[in-house]
Amino acid sequence: MYRERPSVIPGAVVWHTPAVAAETARRVLPDGCMDLLWTSGRLVVAGPDSVAYQTTITPGADYTGLRFAPGDLPELLGVPAGELRDRRVPLDEVWTAGRVRALENRLRGGGGIEAVAADLRPDPVVRAAVGLIGGGLGVAAAAGRLDLGERRFHRLCLRAFGYGPKTLGRILRMNRALERARSGGAFAQVAHDEGYADQAHLAREVRALTGVTLTDLVGRTDRR
């Protein structure tokens with residue numbers, strides 16, 4: 001069974017998916033985050049997803065992941081997030097093979113995946129940008145709060161998140177809406193509270209970003 005826990009790295013989460021007996025399809029929803037994955041003896045970077053990422057879990061493969069807060073992992077990797085958008089890339093294609101081999105040997109010896117990110121130094125401007133965008137502030141207003149021009153702000157977002165601020169805002173808002181709906185919130189009320197035009201607008205956004213319906217994701221039909 002999938003499980004997760006808060007990481008000692010601020011804003012990060014450690015998660016684990018045990019091996020399955022049969023081939024299993026899995027849909028990973030976009031959330032603005034990037035992950036480091038440890039599977040089949042290799043470290044892999046999961047780039048930022050702009051839409052749901054569909055993958056197949058092979059029998060016997062288990063996964064341990066370190067999910068970083070939006071914008072943090074590119075600071076550690078030294079690679080713009082846009083180069084990794086919608087991709088899964090072995091870490092040794094980003095860092096030198098020797099450096100990655102040493103980390104993988106450490107993990108094989110029982111070390112925790114969090115040690116991979118011991119050198120992480122989050123960018124406070126990026127963290128602030130996430131808060132402003134996630135809070136629903138418009139692009140111009142968010143750029144102004146950070147004392148950046150809109151073009152510079154857009155470049156910052158591409159580097160840190162892999163897409164522009166409007167796309168990040170859509171993804172963060174959808175995830176908030178899904179969390180509230182899964183907690184029992186009526187779809188129409190969730191749509192209103194999260195700033196969608198109406199329930200149909202929320203449903204269209206969910207379908208566009210995940211490829212499935214709001215009802216499928218939440219697991220209930222809302223007749224309220």
Can you confirm whether [X] sits close enough to [Y] that some side-chain heavy atom of one is under 4.5 Å from a side-chain heavy atom of the other?
| X | Y | result |
| --- | --- | --- |
| M174 | E205 | no |
| V100 | P90 | no |
| L66 | I9 | yes |
| L36 | V44 | no |
| T215 | F187 | yes |

Mind listing the closest non-hydrogen atom pair of [X] and [Y] along with its distance?
| X | Y | value |
| --- | --- | --- |
| L217 | V206 | CD1-CG1, 3.5 Å |
| G162 | A81 | N-CB, 3.3 Å |
| G32 | L168 | CA-CD1, 4.0 Å |
| Q199 | A188 | OE1-N, 3.4 Å |
| A160 | P74 | O-CG, 3.4 Å |
| A21 | P59 | O-CB, 3.5 Å |

[atom1] of [X] to [atom2] of [Y]: how many Å apart, nearest 0.5 Å?
| X | Y | atom1 | atom2 | result |
| --- | --- | --- | --- | --- |
| R101 | T96 | CZ | OG1 | 8.5 Å |
| I171 | S50 | CD1 | OG | 6.5 Å |
| L103 | D92 | CG | CG | 11.0 Å |
| T56 | E23 | OG1 | CD | 5.5 Å |
| E83 | L158 | CD | CG | 11.5 Å |
| R42 | L91 | CZ | CG | 9.0 Å |

request  = Sequence neighbours left out, what pairs pass side chain to side chain donor-acceptor pair (under 3.5 Å) with at least one residue falling in residues 139-164?
outcome  =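 For residues 139-164, and leaving out neighbouring residues, the side chain to side chain donor-acceptor pair (under 3.5 Å) pairs sorted by first residue read E75-R159.
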ask   = Going through the distances and angles, do L84 and L77 end up as a side chain to side chain contact (heavy atoms under 4.5 Å, CB included)?
value = CA-CA 11 Å; L84 301 168; L77 297 177; 4.0 Å; yes
Are [Y] and [X] connected in a single hydrophobic cluster, I mean Ile/Leu/Val/Met/Phe/Trp/Tyr linked by side-chain heavy atoms less than 4.5 Å apart?
| X | Y | answer |
| --- | --- | --- |
| L43 | V94 | yes |
| V116 | V14 | yes |
| F161 | V79 | no |
| V125 | L73 | no |
| M34 | V28 | no |

inquiry  = Within the 3.5 Å criterion, strictly below it, is a donor on S7 or E114 matched to an acceptor on the partner's side chain?
reply    =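 Yes, side-chain donor-acceptor contact under 3.5 Å.
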query = What residue pairs, at least two apart or across chains, pass ring pair (Phe, Tyr, Trp, His ring centres under 6.0 Å) with a residue in residues 188-209?
reply =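 Found Y196-H201.
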key: ring pair (Phe, Tyr, Trp, His ring centres under 6.0 Å): pairs with one or both residues in residues 38-63, sequence neighbours excluded   =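 Listed by first then second residue: nothing to list.
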message = For L76 and F68: C-alpha separation, side-chain torsions, deciding distance, then whether side chain to side chain contact (heavy atoms under 4.5 Å, CB included) applies.
response = CA-CA 10 Å; L76 178 68; F68 291 80; 4.2 Å; yes
request  = Any chance you could lay out the side chain to side chain contact (heavy atoms under 4.5 Å, CB included) test for V139 and C157, step after step, and finish with the verdict?
outcome  = CA-CA 11 Å; V139 175; C157 290; over 6 Å; no
message = What I want to find out is whether R88 reaches D49 closely enough, with some N-O distance under 4.0 Å, to be called a salt bridge.
response =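 D49 and R88: salt-bridged.
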request  = Flag the pair R127 and D72 as a salt bridge only when some basic side-chain nitrogen lies within less than 4.0 angstrom of an acidic carboxylate oxygen.
outcome  =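 Here R127 pairs with D72 in a salt bridge, since their nearest N and O are under 4.0 Å apart.
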query = So among V51, T210, L209, which one has a side-chain contact (heavy atoms from CB on, under 4.5 Å) with L29?
reply =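 So, applying the side-chain contact (heavy atoms from CB on, under 4.5 Å) to L29 and each of V51, T210, L209, only T210 qualifies.
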Does [X] use its side chain to pair, donor to acceptor, with the backbone of [Y] at less than 3.5 Å?
| X | Y | value |
| --- | --- | --- |
| R108 | G41 | yes |
| R180 | E194 | no |
| D35 | L37 | no |

query = Does CD belonging to E93 count more than 12 external heavy atoms closer than 6.0 Å?
reply =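 Correct, the count exceeds 12.
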Residue pair L172, R176: steps toward the side chain to side chain contact (heavy atoms under 4.5 Å, CB included) verdict = CA-CA 6 Å; L172 295 178; R176 288 195 309 270; 4.2 Å; yes
